[in-house]
Amino acid sequence: MTPGRNATIYLVLSAMGAVFITLIAWLGFSESGSTTFNDKLIVGGAFVASCLFGISLALRPGWTRRSSRARGHAHIADKRERSGRRMTGHHPDCEEFDGHVMEFMGRTVCSGCTGLALGSIVAIIFTISYIALQVDVDAWILFVLLIVGIVLVALSLADIILSLGKAGLHNRINIFLVIGFFLVVVSVHQLTGSAAFGLIAIIISFLWLDTRIQLSSKRHRDICLACDQSCKTY
């Protein structure tokens with residue numbers, strides 16, 4: 001399957017996921033949708049674990065070497081060695097990729113991955129606060145937060161497709177992507193009062209993140225193919 005077709009399929013699945021999660025919140029809405037502390041621990045704990053896993057991948061993309069995607073990274077490394085291109089922030093040291101890296105704490109890093117890591121840290125803080133605090137929020141506010149979360153996810157995907165901004169904006173958009181995941185998970189959990197639906201929202205968030213990764217891979221490949229230089233890292 002070609003990267004372009006693969007990315008298109010992921011986009012369709014992500015759109016279906018957004019519709020599905022909205023229907024869950026709407027049809028599963030419970031007037032007495034109060035959540036127990038144990039349910040908040042289950043959903044919040046699963047989300048925090050997901051964020052920690054995401055941080056590890058953002059900081060060290062190749063540590064899961066046994067996965068097919070990791071083998072893909074190894075294949076890219078082989079191509080890099082043949083092309084002679086040095087990698088900075090796990091992107092080729094090429095002006096075409098200047099908008100994909102940024103300076104952070106004296107190092108050149110991937111703006112997207114750094115944004116995801118920072119967003120995950122913020123989301124973990126929000127999640128711990130959500131578990132610890134008991135706050136009653138009107139249903140209409142929760143529905144608004146759900147829509148805001150989905151919009152933040154859509155904005156992140158649009159950033160990859162349309163190349164909306166440079167490294168700084170790209171970084172901030174990815175921070176808000178993870179915050180969007182948090183808003184979706186918490187609003188669905190609170191609206192339905194069901195830990196199971198909250199966990200489903202986390203699974204849908206993984207689909208959205210994987211879609212972003214697929215779109216990013218396609219974007220990298222398109223940049224290399226459009227370049228007239230002989231070195232092809234992707």
Side-chain angles (χ1 to χ4, degrees), residues 7 10-26 28 35 39-59 61 64 69 110-133 135 137 141-161 164 169-216:
Y10 269 85
L11 269 178
V12 172
L13 290 175
S14 288
M16 293 172 61
V19 173
F20 180 63
I21 209 70
T22 303
L23 287 175
I24 283 179
W26 183 263
T35 54
D39 281 353
K40 292 171 74 173
L41 272 180
I42 293 171
V43 176
F47 188 73
V48 167
S50 300
C51 287
L52 291 174
F53 178 68
I55 290 172
S56 71
L57 289 179
L59 297 179
T64 53
R69 183 172 293 132
C110 170
S111 58
C113 288
T114 304
L116 290 173
L118 293 174
S120 295
I121 293 172
V122 173
I124 288 173
I125 295 173
F126 285 171
T127 304
I128 293 174
S129 300
Y130 168 67
I131 294 173
L133 302 176
V135 180
V137 181
I141 295 179
L142 292 171
F143 276 113
V144 169
L145 292 178
L146 173 62
I147 298 303
V148 169
I150 293 175
V151 168
L152 291 177
V153 172
L155 179 61
S156 176
L157 300 183
D159 173 50
I160 300 296
I161 297 171
L164 295 178
L169 180 59
H170 187 55
N171 175 266
R172 289 189 289 273
I173 286 176
N174 280 282
I175 291 175
F176 284 111
L177 170 65
V178 189
I179 294 175
F181 294 160
F182 167 79
L183 293 177
V184 169
V185 171
V186 169
S187 57
V188 168
H189 185 212
Q190 286 293 125
L191 284 167
T192 62
S194 167
F197 286 149
L199 294 176
I200 289 175
I202 294 176
I203 294 173
I204 297 296
S205 296
F206 269 107
L207 169 62
W208 290 332
L209 179 60
D210 209 15
T211 300
R212 185 208 168 276
I213 293 172
Q214 293 293 329
L215 290 172
S216 182

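What's counted below: heavy atoms across the whole structure, side chains too, no hydrogens, waters or symmetry copies.
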Flag, side chain of K40 to backbone of T127, donor-acceptor distance under 3.5 Å: no
Point-to-point distance, once rounded to the nearest 0.5 Å, from CG of L118 to CZ of R172: 12.0 Å
Minimum heavy-atom distance between V185 and G198, given as atom pair plus value: CG1-O, 3.9 Å
Residue pair V184 / I150: nearest heavy atoms and the distance that separates them: CG2-N, 3.9 Å
Pairwise distance OH(Y10) to CD1(I213) - rounded to 0.5 angstrom: 9.0 Å
Distance in Å, C110 SG paired with N174 CG, rounded so as to fall on 0.5 Å steps: 8.0 Å
Under 3.5 Å donor-acceptor, S156 side chain and V153 backbone: no
Any donor-acceptor pair under 3.5 Å from T114 side chain to S111 backbone: no
Aromatic plane relationship, H189 with Y130 - under 30° parallel, 30 to 60° tilted, over 60° perpendicular: perpendicular
Rounded distance (nearest 0.5 Å) linking atom CG of D39 with atom CD1 of I131: 11.5 Å
Where A25 and L146 come nearest, the two heavy atoms and their spacing: CB-CD2, 3.6 Å
W208 vs I21, side-chain contact (heavy atoms from CB on, under 4.5 Å): CA-CA, chis, key distance, verdict: CA-CA 12 Å; W208 290 332; I21 209 70; 4.2 Å; yes
Verdict with supporting geometry, F20 and I200, side-chain contact (heavy atoms from CB on, under 4.5 Å): CA-CA 10 Å; F20 180 63; I200 289 175; 3.9 Å; yes
Heavy-atom donor-acceptor pair, S216 side chain to R212 backbone, under 3.5 Å: no
Shortest non-hydrogen contact from A123 toward C51: CB-SG, 4.1 Å
Test side chain to side chain contact (heavy atoms under 4.5 Å, CB included) applied to L142 and I147, V137, V188, the passing residue: V137
For the student: nearest non-hydrogen atoms of T35 and G193, plus distance: CG2-CA, 3.9 Å
Working for side-chain contact (heavy atoms from CB on, under 4.5 Å), residues L215 and L11: CA-CA 9 Å; L215 290 172; L11 269 178; 4.0 Å; yes
side-chain contact (heavy atoms from CB on, under 4.5 Å) assessment of L145 paired with V186: CA-CA 9 Å; L145 292 178; V186 169; over 6 Å; no
Nearest-0.5 Å distance that lies between atom CZ in F182 and atom OG in S187: 9.5 Å
Side-chain heavy atoms of F181 within contact of F206, under 4.5 Å: no
Interatomic spacing from CH2 in W26 to OG1 in T192 - rounded to 0.5 Å: 14.5 Å
F143 atom CZ, over 12 foreign heavy atoms within 6.0 Å: yes
Side chain to side chain, I124 and I55, heavy atoms closer than 4.5 Å: yes
Close side-chain approach of L177 and L152, heavy atoms under 4.5 Å: no
